[in-house]
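Letters A, B, ... are given to chains in the order of the sequence lines, protein chains preceding strands, and every chain is numbered from 1. Basis for what follows: all heavy atoms, side chains included, without hydrogens, waters or symmetry-related copies.
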Amino acid sequence: MARRPTPEDIERRRLLVPAVSYPTELPIAACRDQLLATIADHQVVIVAGETGSGKSTQLPKLCLELGRGVEGLIGHTQPRRVAARTIAERVAHELGTPLGTTVGYSVRFTDRVGADTLVKVMTDGILLAEIQRDRLLRRYDTIIVDEAHERSLNIDFLLGYLTHLLPQRRDLKLIVTSATLDTARFSRHFGGAPVIEVSGRSYPVDVRYRPYGEDPDDDRDQVGAIADAVDELYREGDGDILVFLSGEREIHDVADYLRRSISDGAGPRHTEVLPLYARMSAAEQHRVFDQHTGRRVILSTNVAETSITVPGVRYVIDAGTARISRYSRRLKVQRLPIEPVSQASANQRAGRCGRVAPGICIRLYGEDDFAQRVPFTEPEILRTNLASVILQMTALGLGDIASFPFVEPPDARSVADGIALLDELAAFEQVGEDTPPGASRHLSRLGKRLARLPIDPRLGRMVLEADRLGCAREVMIVAAVLSIQDPRERPAEKLEAATAAHQRFAGEDGSDFLTFVRLWDHLRARQRELTGNQFRRLCRDEFLNYLRVREWEDLFSQLRHITSGLDIRLNTTPAHPDHVHQALLSGLLSQIGMREGETKEFRGARNAKFMIGRGSAQAKRPAKWVMAAELVETNRLWARVAARIQPEWAEELAPHLVRRSYGEPLWEEQSGTSTVIERVMLYGLPIVAGRRVLLARLDRALAHQMFVRHALVLGEWEREFPFVQHNHEVLTDVASIAERIRRLDLIPNDDDVERFYLTHIPDDVTSTRHFERWWRDAGRKNPALLNLMRDELLKGQADALEEFPAEWADHEPPLPLDYDFDPAHQDGGMTVRLPLLVLNQVKPEAFGWMVPGLREDLVTAYFKTLPKTLRRELIPAAEHIGQAVEALRDGPRPGGPLSFAAALARELTESSGQTVRASDFDPH
DNA sequence: CTCTCCCT
C-alpha cells in the first residue's frame with residue numbers, strides 16, 4: 001500500500017480489524033481507558049513507561065481499537081531490528097493472526113508486510129528511508145516512535161521530521177514512548193502534548209554503593225572491587241550476576257581474574273564466567289541463553305543494557321563507566337573515551353536484575369558520585385558527525401538546518417563540520433566565499449546520487465567514483481563490508497587459528513581493502529560449489545560469521561540494484577588495484593596519513609597523529625602514505641582498515657580541497673621557458689612536496705613577461721634574431737646620446753625595452769618555442785616589427801645634440817668626445833676623457849668652451865671654487881651666474897678673453913662691480 | 001600501545 005487507500009480498500013481493511021484483548025497482568029491494561037481517550041483527543045501523546053509495562057506490544061492494539069490502521073497503516077518504530085521482529089511476532093500472536101498478515105514488520109533486507117497489514121513494526125531507519133519516497137508519509141494514519149529516550153540520531157531526526165509534518169497531516173496521530181521520566185522535554189517539544197505514565201512491572205532493586213580506591217588504605221582496583229562484590233552477592237543467595245564494564249579489555253581482565261580465583265579454590269565455586277559484547281562471535285553470544293545449572297557471572301559491555309536481555313539475572317554489578325562515542329571537533333574524528341554513565345543509564349543497568357524477582361545492584365561508586373552525574377546521556381545528535389543527516393535533509397528540501405525543529409538542535413559548529421565533510425565529498429554545488437553560513441545549499445549532481453545510496457556518505461562517494469574508474473564491483477564489495485560489522489570472528493580461545501584462517505586473504509599488496517575483495521571472491525566461489533549447510537559450516541570453520549556474510553551479500557545486492565538505477569554498471573573484468581584504491585580514496589580524503597620518518601606513527605589531516613591498528617596489513621611495515629577507512633581515538637588515534645596510496649591520487653581527486661603554494665618563478669635557459677616550484681597541501685599534508693611546473697599553466701601573463709624579460713631583454717637565449725642585433729645597437733647608441741645630453745632619464749632601461757616587446761608580442765608567447773612559431777609568420781610579414789626606433793626612444797630630444805657635439809671641432813684633426821657621465825659626481829660637472837696622445841696638443845684656453853650644453857654647469861662649478869671672501873661680495877649668486885651664462889652662451893665674446901676662466905672673471909666683474917680675476921678660480 | 005552500540 002504505497003498510496004492512501006481507496007474507499008473500497010478502507011471498507012475491506014475495516015473488516016480485517018481483529019478483536020482486541022489485553023493480557024490483564026500487564027500494567028498498561030489498567031490505563032486502557034485513559035490511553036484510548038487521550039489518543040482519541042490529541043494528535044500527539046507521550047507515553048512514559050518502564051520496561052515490562054507492555055507499552056510496545058499493547059499500544060498498537062489500542063490504536064486498532066480506536067479504528068486506526070484502517071485508513072492508513074499504524075507504523076511502529078524500534079531502534080533495533082531484533083526488537084522490531086520480536087514485537088511484531090508478539091503482537092501478531094496476541095491478535096491470533098499469522099505474522100505478515102494483519103501485523104507485519106520491515107527491517108533492512110527483510111520485509112514481511114502484506115496488502116492487508118494494519119500494523120507495521122519497523123526500525124526507525126526504515127521509516128526515515130521511506131520519507132524519501134513519501135514526503136507526507138501518507139501510507140500511515142498513526143506512528144508510534146518507541147524507545148524515544150534512547151535519543152539515537154535516527155530518533156531525533158525522525159521526531160524533528162514528524163514535528164515538521166504534523167501541521168500538514170492533521171489526520172496523523174503520533175505516539176512517542178519513553179522509558180525514563182524525561183518526558184517533560186518531549187511534551188514541551190510537541191506543544192504541551194499530554195503525558196501518560198504507565199507503571200512498569202518490575203521488582204524492587206536494592207541499590208548498594210560500594211566505591212573503591214577512595215580511602216588511602218583501600219588499594220583495590222576495579223578487578224578487586226568486582227571480586228569483592230561477587231563475594232558479597234554470593235552470600236546473598238543463588239542467582240546469576242550481570243557485570244557492566246566499559247569494554248572488551250576490562251571484560252577479559254576481570255574474566256581472567258575470576259577464572260583464576262575459581263580454579264585456585266579461593267573464589268566462588270561452581271561458577272561459569274561468560275563475557276558478552278557485540279563484536280563476539282554469534283556462538284559465544286548465544287551461550288548466555290543456554291540452560292545451565294551452576295551460577296553464572298556475565299561480564300558485559302553496554303550491549304546488555306538495551307540490546308541483549310540476559311535471562312534470569314538476579315544481581316547486577318555496575319562499574320559505572322562506558323565508552324561513549326563522541327566527536328573530536330579539532331581532528332574531525334570519532335572519539336571513544338571511557339566516561340561515567342548517566343543516572344538514567346545506571347538505573348537502566350540496575351533494572352536488568354528486577355525482571356523476574358527482587359534484585360540487588362552493587363554500584364562500584366559512591367552515592368554522592370551518582371548524585372553528581374548527569375541525569376541523561378547526551379543525545380547522539382550532539383555527539384556525532386551530521387553529514388549523513390544534513391545530506392538527507394538537503395535532499396528532502398529541508399536545507400535550513402538551523403530552523404529545523406529538532407528536540408535538541410545541534411551546535412552550529414557541528415552543522416558546519418557536517419557541511420564541511422559533504423563539501424569534501426563534493427556533494428554540494430560550489431558556493432562563493434561570501435555565501436552566509438546559514439544559507440541553504442544545493443546538492444550537486446553527485447550529491448543527489450549520494451543521497452540515494454543507503455550507506456555512509458564517505459562510502460557512497462567511493463561507489464560513485466568507482467563507476468568512473470571501472471571498478472564498481474570491487475568498491476561495492478568494500479563499501480558493503482565497511483557498512484556492516486566485520487564478518488571475521490576472532491574467538492578468544494582460538495585466536496591463532498582464526499588469525500591464520502583470515503591471513504590467507506592478505507595479499508602482497510598490503511591492502512586491507514583488497515583483502516576483503518579476495519575474501520568475497522573466495523566465499524562466492526565456495527558458495528557455488530556447496531550446499532547451504534555446507535557453506536554455513538565452512539563459514540564457521542573459517543571463523544566467519546555466517547549471518548554477517550549473508551548481510552554483506554544482501555547489502556552488495558542492494559547497492560547493485562540501486563546503482564543500476566543510477567546507470568552504474570558492474571565491471572565484468574577485474575579492476576586494476578590502483579583504480580580500486582583511487583575510488584576508495586575519493587571518500588577518505590581527510591583520512592590519509594604520511595609516515596613520520598622511519599617510525600610507525602603517521603601524520604594525518606589537521607596535524608593528527610595516528611598509528612595503524614594491529615589487524616591491518618599496514619601495521620608491521622607501513623607505507624610512506626596510507627589511507628584509512630576509520631580513524632578512532634581511544635587511548636590514542638588508531639587507523640583501521642588501511643592501504644598504501646600515492647599522494648598524487650589525492651591531488652587529482654581533491655582539486656576543491658588542495659592548497660597550492662609557489663616559489664619564485666624561474667627562467668630556464670635550457671628549455672626556454674619559465675617554471676615555478678609548486679607545493680600542494682591537503683589538510684596540512686604535503687601531498688606534493690615540491691615539483692617544477694610550467695609557469696604558463698598558472699599565470700600566463702607572468703610567464704609571457706618572464707619570457708620577454710629573460711629571453712629578449714636580458715638576452716638569456718642563445719638564438720640571435722636580426723632584431724636583437726639591431727636593438728642592441730640602437731640601445732647603445734641611445735644610451736650614449738642620453739649621456740651626452742645629460743638626460744639620464746632618456747637612457748632606455750630594461751623596463752622600457754620590456755614594455756616595447758610586451759606591446760608587440762602576443763600574450764600567449766610564453767616560451768622560446770612559442771616565440772619561434774609566432775615569429776616565423778609575424779617576422780615575415782613585418783621584419784621590423786620588433787625593431788626599436790632611435791628617435792622614439794629619444795622622445796624628440798635629438799635637437800639637443802647640437803649643444804653636445806660628438807667631437808671637438810676646435811682641434812685638428814677633430815677629437816672624439818667621450819661623454820662618460822658619472823651620476824655620483826653630478827655637481828662636479830663631467831670629465832672629458834681625451835686620448836693621451838693628444839693631451840699636449842690641447843689649447844688650454846679652449847678647453848672650457850667645447851660643450852655648450854654644459855656651459856651652465858661649468859659656470860656654476862667655477863663659481864663655487866672662488867674664495868669665500870670674494871663669494872660674499874657676489875650675492876645673490878644665482879643672479880650673477882645667470883648673467884654670466886647668458887653672456888657666454890655662444891662662446892667667448894668677440895674681442896674678449898679666449899680662456900674660459902678669464903672670460904668668466906670678466907663677466908662677473910662687470911655684473912657685480914667687484915674685481916674677479918681668472919686666477920681666483922681653483923678648478924682642481 | 002586496538003575500539004561502546006545501533007541503523008537505511
Distance test, side-chain N/O of [X] to OP1/OP2 of [N], below 4.0 Å:
X	N	result
A:Arg636	B:dC3	no
A:Ser483	B:dC7	no
A:Thr306	B:dC5	no
A:Thr301	B:dT4	no
A:Thr123	B:dT8	yes

What does [X] touch in the nucleic acid at a heavy-atom separation under 4.0 angstrom: a base, only the sugar-phosphate, or nothing?
X	result
A:Arg108	base
A:Ala322	nothing
A:Arg81	sugar-phosphate
A:Ser388	nothing
A:Ser325	base
A:Asp486	nothing
A:Leu128	nothing
A:Ile455	base

Picking from [options], which would you name as closest to the side chain of [X]?
X	options	answer
A:Arg323	B:dT4, B:dT8, B:dC5	B:dT4
A:Ala129	B:dT8, B:dC6, B:dT4	B:dT8
A:Glu630	B:dC3, B:dC5, B:dC1	B:dC3
A:Asn635	B:dC3, B:dT8, B:dC6	B:dC3
A:Val303	B:dC5, B:dC3, B:dT8	B:dC5

Can you measure [X] atom [atom1] to [N] atom [atom2] for me and round it to whole angstrom units?
X	N	atom1	atom2	answer
A:Glu339	B:dC5	CD	P	16 Å
A:Arg326	B:dC5	CZ	P	17 Å
A:Leu245	B:dT4	CG	C1'	12 Å
A:Arg279	B:dC6	CZ	P	13 Å
A:Arg548	B:dC7	CZ	P	11 Å
A:Gln285	B:dC6	CD	P	8 Å
A:Glu551	B:dT8	CD	C1'	11 Å
A:Tyr161	B:dC7	OH	P	23 Å

Handout entry: Short side-chain donor-acceptor distance under 3.5 Å, A:Tyr365 and A:Asp318
Key = yes

Practice task
Examine the side chains of A:Thr563 and A:Arg452 and answer whether a donor and an acceptor come within less than 3.5 Å of each other.
Solution key: no

Exercise for the section: With the side chain counted from C-beta on, respond yes when A:Ile562 and A:Pro454 share a heavy-atom pair under 4.5 Å apart, and no when they do not. Expected result: yes

Fill in the blank from the handout: Nearest-nucleotide check on DNA chain B, A:Ile484 vs A:Glu250; residue mapping nearer the 5' end is A:Glu250

Practice task
In plain terms, say whether A:Glu489 and A:Arg279 are close enough for a salt bridge, that is, a side-chain N and a carboxylate O under 4.0 Å apart.
Solution key: no

Handout entry: Carboxylate-amine/guanidinium contact A:Arg373 A:Asp369, below 4.0 Å
Key = yes

Fill in the blank from the handout: Residue set satisfying side-chain contact (heavy atoms from CB on, under 4.5 Å) with A:Asp182, at least two apart, ordered chain then number -> A:Thr180, A:Arg185, A:Phe376

Practice task
Would you kindly check whether a donor in the side chain of A:Gln334 faces an acceptor in the base of B:dT4, or vice versa, at under 3.5 angstrom?
Solution key: yes

Problem - Main-chain N/O of A:Thr599 paired to A:Arg595 side chain as donor or acceptor, under 3.5 Å - result: yes

